[in-house]
Amino acid sequence: MRDFEPQKMKKIPFTGIRRVMEKASKLQAEGKSVIHFEVGQPDFDTPENIKEAAKRALDEGKTSYSSNYGYVEFRKAIAEKLERMNGIQADPMTEIMVTTGGEEAVAAALLSLLEKGDEVLVPDPGYIPYVSLVKLAEGVPVAVPLSAEDNYCYHVDRLEQLVTPRTKLLILCSPGNPTGTMMSREALEDLSRFCQKHDLLVLADEAYEQIIYDGNKHISMASLPGMKERTITVQSFSKTYSMCGWRIGYVAAPAELIRIMVRAHQTIVMNACAFGQFGAMEALTGPQDSLHKMLQEFDRRRQLLYQGLVDLGIPCNRPQAAFYLFPDISEFGMDSFAFAEYLLDNYGVATVPGVEFGANGENHLRISYATSYEDCAEGLRRIGQCVADLRARK
Ligand SMILES: Cc1ncc(COP(=O)(O)O)c(C=O)c1O
């Protein structure tokens, strides 16, 4: 038999998060206690009013294909939300497309807008699928090293060294996964000038736009002067409303870009889940108290873990958003895979090795606090024990 795997798929690995999860499950099956700091989804159920709206939609027969762009009434609700909360004016008829989660929006954009050899500036560390999707689209991912000193945000000086005439698009992920940090207005303004100067498209992945603490404010790139015409804004219901399994997200972009992206979207999925769109519409238009409660609880855990790591003397940027911390473990002289494995095997704490998010994430771990406060406290205690044991061995 010939090898049916094309070269482009050989470049796309299985994610290491899967490896960690499988190992954690195996340890648990053997009766060991495991604290789950590896999970990237809220540990809350979808709010009742949202579930009820989807059930009603099912009862009302919203079970067929919808428009490729999504139901018009839902797109109108999205347009209203984008204007009210993000300062983005998008025509619901031509500038919004409902997608199968934010992920499919990112995929539809990259697969349809990139030409073979187009270069894409990608954050490193950054959300894992960006690089794989650029490769799948036969583009060239160009890793932009982000540093703790810059709060893991793009710095224009560094971007200037990496941009070439082949650069077509920049991926912006603020608030950021895996770092939990976010770009300031000033940094975004600098970035917007850079993108206009080099005539780049921006894919602004705003999956965590509402999971923000300390009164910080998320600024959407598309709301800055001169940026709407070159920005593809991706948003999602997964994190904000604990709807990861629903697979509903959306993209807002200039009509001419949506016209390109919708052809990838219609070819791959046709439309997002019909009745799910009605649940998501309720999420946007109904009461927001579940979101506020979730944020309060995340905030408690964030403070516990951040302060705990600082007290242990482990360098870590103060997380401002999302539900991740990204501590620096270089002191211990193990690479991030070795450290994560050691921590899981010996202390029962599952985390994600930082190198999973790009070479520049090496020497870090991603810790997610999408697990109970009690588990956060216990996980912190175990990390403390691990660190004390390793330091005693030196
Ligand atoms: C930065 C980022 N973008 C997009 C996604 C995909 O989210 P969705 O569930 O909406 O596809 C995730 C999920 O973890 C994410 O972290």
Side-chain angles (χ1 to χ4, degrees), residues 15-18 20-21 36-44 46 50 70 74 78 81 96-111 120 122-134 144 146 152-154 170-183 202-212 218 220-221 232-252 261 264-265 268-269 271-273 276-277 279-280 283-284 298 319-326 352 354 356-358 361 366-371:
T15 69
I17 295 186
R18 240 173 76 145
V20 175
M21 282 171 146
H36 291 281
F37 282 157
E38 81 280 26
V39 185
Q41 60 178 327
D43 56 318
F44 298 89
T46 303
I50 300 176
F74 182 34
I78 292 169
K81 180 267 174 190
I96 291 174
M97 179 172 86
V98 179
T99 55
T100 303
E103 184 92 3
E104 195 245 325
V106 174
L110 295 174
L111 291 174
V120 178
V122 184
D124 178 0
Y127 179 52
I128 300 168
Y130 299 146
V131 168
S132 296
L133 279 167
V134 171
V144 183
L146 306 180
Y152 299 108
C153 293
Y154 280 136
L170 172 144
I171 300 181
L172 169 65
C173 182
S174 175
N177 176 7
T179 58
T181 57
M182 56 195 285
M183 301 262 297
V202 177
L203 178 63
D205 181 347
E206 303 187 350
Y208 297 92
E209 50 136 12
Q210 292 194 65
I211 307 195
I212 292 182
H218 167 71
S220 284
M221 187 51 129
I232 300 143
T233 303
V234 172
Q235 298 191 349
S236 165
F237 291 84
S238 295
K239 319 287 170 170
T240 310
Y241 298 104
S242 293
M243 292 171 67
C244 290
W246 290 58
R247 313 307 306 126
I248 308 275
Y250 54 93
V251 56
M261 286 186 275
H265 168 75
I268 301 170
V269 295
N271 62 264
C273 169
Q277 294 185 49
L284 288 186
F298 274 154
Q320 302 159 284
F323 34 76
Y324 307 117
L325 299 116
F326 203 59
V352 184
E356 273 296 292
F357 303 96
R366 189 188 76 174
I367 292 179
S368 157
Y369 43 91
T371 188

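Atoms within a ligand are numbered from 1 in the order they appear, just like the ligands themselves.
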Item to check | Glu206/Lys81 salt bridge by N-O under 4.0 Å criterion | outcome: no
Next on the checklist: Which residues pass the side-chain contact (heavy atoms from CB on, under 4.5 Å) test with Thr181, not counting sequence neighbours?
Outcome noted: Asn151, Tyr152, Thr179, Asn317, Gln320
Checklist outcome for this item: The side-chain contact (heavy atoms from CB on, under 4.5 Å) partners of Thr46 (sequence neighbours excluded) come to Ile50, Lys51, Met243, Trp246
Item to check | Tyr130: partners by ring-ring contact (aromatic ring centres under 6.0 Å, His included), with sequence neighbours left out | outcome: Tyr127
Checklist entry - Using the ring of each side chain (for Trp, its six-membered ring), is Phe74 parallel, tilted or perpendicular to Tyr250, with breaks at 30° and 60°? => result perpendicular
Next on the checklist: We want to know whether His265 and Glu104 form a side-chain donor-acceptor pair, criterion being a heavy-atom distance below 3.5 angstrom.
Outcome noted: yes
Checklist entry - Any idea which residues sit under 4.0 Å from ligand 1, heavy-atom distances? => result Gly101, Gly102, Glu103, Tyr127, Tyr130, Cys173, Asn177, Asp205, Ala207, Tyr208, Ser236, Ser238, Lys239, Arg247
